[in-house]
Each structure stands twice: as structure tokens, then as C-alpha cells.
Amino acid sequence: MDAAALTDVGERLDAFVEQVFSSLKRKDQRATAGAYARGLMLDGRRKSMQPMADRLGIDHQRLQQFVTTSPWDPVPVRKTLSRKACDLISPEAWVIDDTGFAKDGDASPCVARQYSGTLGKVGNCQVAVSVHAATDTASAPLDWRLYLPESWDDQRCDDPATAAAITARRRRNAIPDEERYRSKAAMALEMLDELASWGRTPPVIVADAGYGDSATFRQGLTDRDLVYVVAVKGATLAHPGDAVPATAEYSGRGRPATRRYPAAATCKDLVLAAGTAALTEVTWRQGTKTGPANPAAAMRSRFVALRIRPANRAIPRDEDGVLPQAWLLAEWPVGAAQPTDFWLSTLPEATPLSELVRLAKIRWRIEHDYRELKTGLGLDHFEGRSWLGWHHHVTLVTAAHLFLTLLRLTDPKASGQD
């Protein structure tokens with residue numbers, strides 16, 4: 001957004017900042033939050049503090065102190081942002097995902113050599129886990145966690161010298177003592193609990209296979225009475241929906257046999273057994289790439305949905321040893337020799353195939369979020385080295401993103417959209 005456009009919406013931005021940052025008691029803090037948000041939204045390649053301050057015509061030390069060392073709590077701000085985002089968007093799903101921030105050195109909090117989907121490989125980076133409210137036309141982050149690798153947890157290290165070095169590194173970055181390693185899936189469940197404590201309730205949870213492949217994560221959603229559509233690998237084990245456990249005949253020796261299911265099959269094998277005759281072509285949304293064979297830019301493919309019973313020790317059974325049913329959704333594109341993508345869902349049995357597909361595919365909105373958050377708003381431009389500073393920056397970026405989303409939905413010309 002150029003300076004003139006930002007000036008045109010200045011009063012709306014001031015009102016927005018006063019509401020979102022009302023938990024900051026001092027007027028000068030709220031004013032600096034507004035200045036930082038303006039710096040994030042102004043045109044410019046780098047959104048680190050010095051370039052933003054130069055564009056704003058203010059002392060960069062003001063921004064640095066506010067973001068890096070000022071003790072304001074970002075949690076009440078995120079609580080307000082989550083309420084405003086859900087009211088604005090009326091989400092059809094919450095999407096859980098993570099993104100990586102490439103780093104050259106090792107001084108930033110929680111940076112390590114680890115896999116990042118952003119990089120598409122193992123690299124030196126930070127990783128953040130996020131929850132987003134989404135529809136097919138808009139989305140916004142609701143909450144964030146900075147992933148803390150095992151190499152940043154001195155309690156998980158047996159070597160005293162290495163543990164001492166980790167302790168010193170944690171101290172330099174001011175990482176709270178209670179922040180310890182846990183899986184990204186566990187962090188996602190933490191955020192869902194936090195959002196629930198703020199009064200936010202998701203319509204359905206959507207996630208990629210990095211989360212869906214964890215039966216413990218899926219059960220965590222079920223334990224919280226949350227329905228989901230999550231991607232899984234084709235090797236995930238399940239029984240057909242009509243499978244029942246049986247008791248082997250007792251021989252009279254040893255402990256009587258318990259009821260057991262026959263050997264489970266993979267999701268891929270279950271879909272292959274259903275065959276191409278079970279496939280239905282589904283269009284889930286309109287894209288942007290038109291062509292002679294697709295003038296409407298329809299996003300379409302072939303899908304099948306089967307009732308199955310996922311098999312895993314983490315999934316509790318009823319008193320008769322029966323596993324719960326779920327949907328297995330699979331995509332089998334035209335020309336492909338076999339299915340390519342798989343999802344499990346606990347949506348009701350009467351859910352139409354088109355709705356299963358639409359929700360499974362809604363994750364594309366989050367890639368749009370990450371692009372705008374990083375390229376347009378400098379999500380990954382933070383150069384500070386403090387734990388709290390990272391969380392301040394991400395919260396401010398989230399606020400700027402929500403303000404632009406508000407403009408886009410209510411006044412497209414003001415946001416620079418046609």
C-alpha cells in the first residue's frame with residue numbers, strides 16, 4: 001500500500017488499533033503499535049525495523065524498544081484479533097498449518113537445522129505453527145506458536161556440557177523456562193484449547209498429513225468434540241466400514257481370546273479395491289487459470305468417499321471392541337494410475353461428497369495467507385533475537401493482515417484490490 005492509500009484509511013486504522021491494542025494501558029504504546037502496523041503495510045521490500053522507521057520518518061529505536069524489550073502481553077491482543085477475525089470472516093473451517101523462516105545464523109530463538117515445507121528440505125530455519133479461520137474467499141490467522149526443537153530444550157539433553165550451552169542460549173534469547181519441546185501436533189491442540197478459552201469454536205478442523213497422520217492428534221480432536229477433515233498418507237491403516245471384530249474359538253487353554261478385527265488394509269488398498277467405477281467428478285471451486293479445455297477455470301478432479309474404521313492403538317473402542325467409523329476421502333485424477341491424495345474425516349455420515357472435497361481443499365487459502373504475511377507484510381523479516389520480540393512481531397503482522405482483510409471485504413478499492 002502506498003503512502004497516499006494509507007493516509008486515506010488512516011482514521012479507520014487508528015480506530016482499529018485502539019480496539020485491538022486496548023489491553024496496552026499506555027497511549028504511547030498504542031501509538032507505536034499503530035506506527036509499526038503502518039510500517040508493515042507501506043510499500044517496501046524489507047519490513048525490518050530500520051527500513052520501516054526510515055519510511056515512516058521516525059526513530060527506529062522507538063520501534064525496536066516496543067517490539068524487542070517492552071513487556072506488553074501479546075495474548076490479549078491475539079484474543080481480540082481472533083474475535084474480530086471470526087466475526088468478519090464467518091469461517092467455514094479452521095486450518096492448522098506451519099511455515100518456516102530461513103535464517104543464516106543460529107542466534108534467533110529456536111533456529112535449528114530442521115525440515116521446512118517452505119524450503120522443501122531440511123535447512124537452517126525457525127518454524128511456526130498457526131491456526132487460521134478460513135472460507136474460500138477470505139482467511140486470517142487466529143493464533144501462533146514458535147516451534148521449539150529438542151536442540152533448544154536443555155531438559156532433553158543428557159550431556160551436562162551440551163545442556164549448559166543450551167541453557168545459556170535460552171537465556172540469551174529470554175525463552176521462558178516453561179517453554180519446552182513438544183510436537184507440532186501437540187502445539188496445535190494447545191492453540192485450540194487456548195482459542196476455546198477465548199470463546200472461539202471451530203466449525204471443522206482441516207490439516208495436512210503432517211498432523212493428520214498422527215492418530216493421537218486425531219483422537220485429541222475427537223476428545224474435544226471437534227470434527228475434522230485431515231490429510232493422511234495412503235499407508236494409513238483402516239478397516240472397511242462394515243468390518244466387525246470377531247472372537248476366535250476358545251481352545252480351553254490359556255486366557256480366553258478377545259474380540260479382534262481381521263488384519264487392517266491401507267487406505268490406498270481400500271480405494272483401489274473400490275476401483276475407478278466408484279469415482280465421481282467433483283468441482284470444488286473456480287480457479288484463475290483458464291484454457292481452451294477449461295474456460296471457466298473450474299478446479300475439478302475425481303473422488304471417492306468410503307466409510308471406514310481407522311485402525312490404531314490410540315483410537316479407543318466401545319465396550320464390544322468396535323472402532324468408530326469415519327470417512328475416507330481419496331482423489332484419483334484422470335490419467336493417474338492410482339489415487340494420489342487421501343483424507344480422513346469425522347463429518348456426519350450424511351455429508352455430501354462435494355462438501356467433503358470442498359473442505360479438504362480449503363487449505364489453499366492458508367498458502368495465500370502465508371504469501372501475503374511474508375511477501376507483503378514482512379512476517380519473516382524480524383531480525384530480533386528475543387522470544388518475546390518474535391511473538392510481538394508476529395502479533396503485529398497478524399493485526400496488519402486482519403486490517404487489510406477488513407478493507408478487502410468492505411472496501412476493495414481502499415485495499416488496492418480491483
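As the structure is a prediction and not an experimental result, all values here were calculated from the model.
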Does Trp152 have Arg169 sitting over its ring (NZ/CZ under 6.0 Å from centre, angle to axis within 45°)? yes
Looking at Arg78 and Glu194, does any basic side-chain N land under 4.0 Å from a carboxylate oxygen? no
Could you name each residue pair satisfying ring-ring contact (aromatic ring centres under 6.0 Å, His included) that touches residues 181-228, not counting sequence neighbours? Tyr211-Phe217
Across all chains, not counting sequence neighbours, the salt bridge (charged side-chain N to carboxylate O under 4.0 Å, His left out) partners of Asp369 are none
Please verify the inter-ring angle class for His368 with Trp364; under 30° counts as parallel, over 60° as perpendicular, anything in between as tilted. perpendicular
Does atom CZ of Arg302 have more than 12 heavy-atom neighbours from other groups under 6.0 Å away? yes
Test item: side-chain donor near acceptor, Lys374 and Thr99, under 3.5 Å: yes
His60 side chain vs Pro51 backbone, donor-acceptor pair below 3.5 Å: no
Above 12 or not: heavy atoms from other molecules or residues under 6.0 Å from CD of Glu281? yes
Just to verify, which of Val17, Ile58, Leu396 counts as forming a side chain to side chain contact (heavy atoms under 4.5 Å, CB included) with Tyr36? Leu396
Of all residues at least two apart in sequence or in a different chain, which pass the ring pair (Phe, Tyr, Trp, His ring centres under 6.0 Å) check with Phe303? Trp284
At what distance, to the nearest 0.5 angstrom, does CG of Leu13 lie from CD of Glu18? 10.5 Å
Should Glu383 and Arg46 count as side-chain neighbours, where that means a heavy-atom distance under 4.5 Å? yes
Run the salt bridge (Lys or Arg N to Asp or Glu O under 4.0 Å) test on Asp14 and Arg38 for me, step by step, so that the C-alpha distance in whole Å, both residues' side-chain angles and the decisive distance to 0.1 Å come before the verdict. CA-CA 10 Å; Asp14 289 341; Arg38 281 175 165 81; 2.9 Å; yes
Using only atom types and a distance under 3.5 Å, with no angle test, would you say the side chain of Arg224 pairs donor to acceptor with the backbone of Gly220? yes
Pair Arg408, Thr405 - check side-chain contact (heavy atoms from CB on, under 4.5 Å), show working. CA-CA 5 Å; Arg408 187 179 301 119; Thr405 302; 3.7 Å; yes
Backbone of Val75 reached by a side-chain donor or acceptor of Asp73 within 3.5 Å: yes
Is it true that the side chains of Ser70 and Arg26 contain a donor and an acceptor less than 3.5 Å apart? no
Between Glu367 and Arg363, does any NZ, NE, NH1 or NH2 come within less than 4.0 Å of an OD or OE carboxylate oxygen? yes
For residues 101-109, run the donor-acceptor check on the side chains, cut-off 3.5 Å, and write out each pair with its distance to 0.1 Å, sequence neighbours left out.
residue: Lys103; atom: NZ; partner: Phe382; partner atom: O; Å: 2.9

Return yes if some donor-acceptor pair links the side-chain N/O of Asn312 with the main-chain N/O of Ile315 below 3.5 Å, else return no. no
Quick check against the 3.5 Å criterion: does Asp213 have a side-chain atom that pairs as donor or acceptor with the backbone of Lys233? yes
No-hydrogen, no-angle side-chain donor-acceptor test under 3.5 Å, Trp327 and Thr351: no
Determine yes or no for a side-chain-to-main-chain donor-acceptor pair under 3.5 angstrom, with Arg55 supplying the side chain and Gly39 the backbone. no
Mark yes or no for whether Arg309, through its side chain, and Gly241, through its backbone, hold a donor-acceptor pair below 3.5 Å. yes
How about Ser23 and Thr80: do any of their side-chain heavy atoms sit closer than 4.5 Å? no
Within the side chain of Lys47, is there an N or O that forms a donor-acceptor pair under 3.5 Å with the backbone of Gly376? yes
Filter on ring-ring contact (aromatic ring centres under 6.0 Å, His included), then keep only pairs touching residues 73-92, sequence neighbours left out; what's left? none
When you measure from the side chain of His239 to the backbone N and O of Pro245, does any donor-acceptor pair fall under 3.5 Å? no
Side chains of residues 84-96: which donor-acceptor partners sit under 3.5 Å, not counting sequence neighbours?
residue: Lys84; atom: NZ; partner: Gln19; partner atom: OE1; Å: 2.8
residue: Glu92; atom: OE1; partner: Arg358; partner atom: NH1; Å: 2.8

Between Trp387 and Cys110 (side chain of the first, backbone of the second, donor and acceptor by atom type, cut-off under 3.5 Å), is there such a pair? no
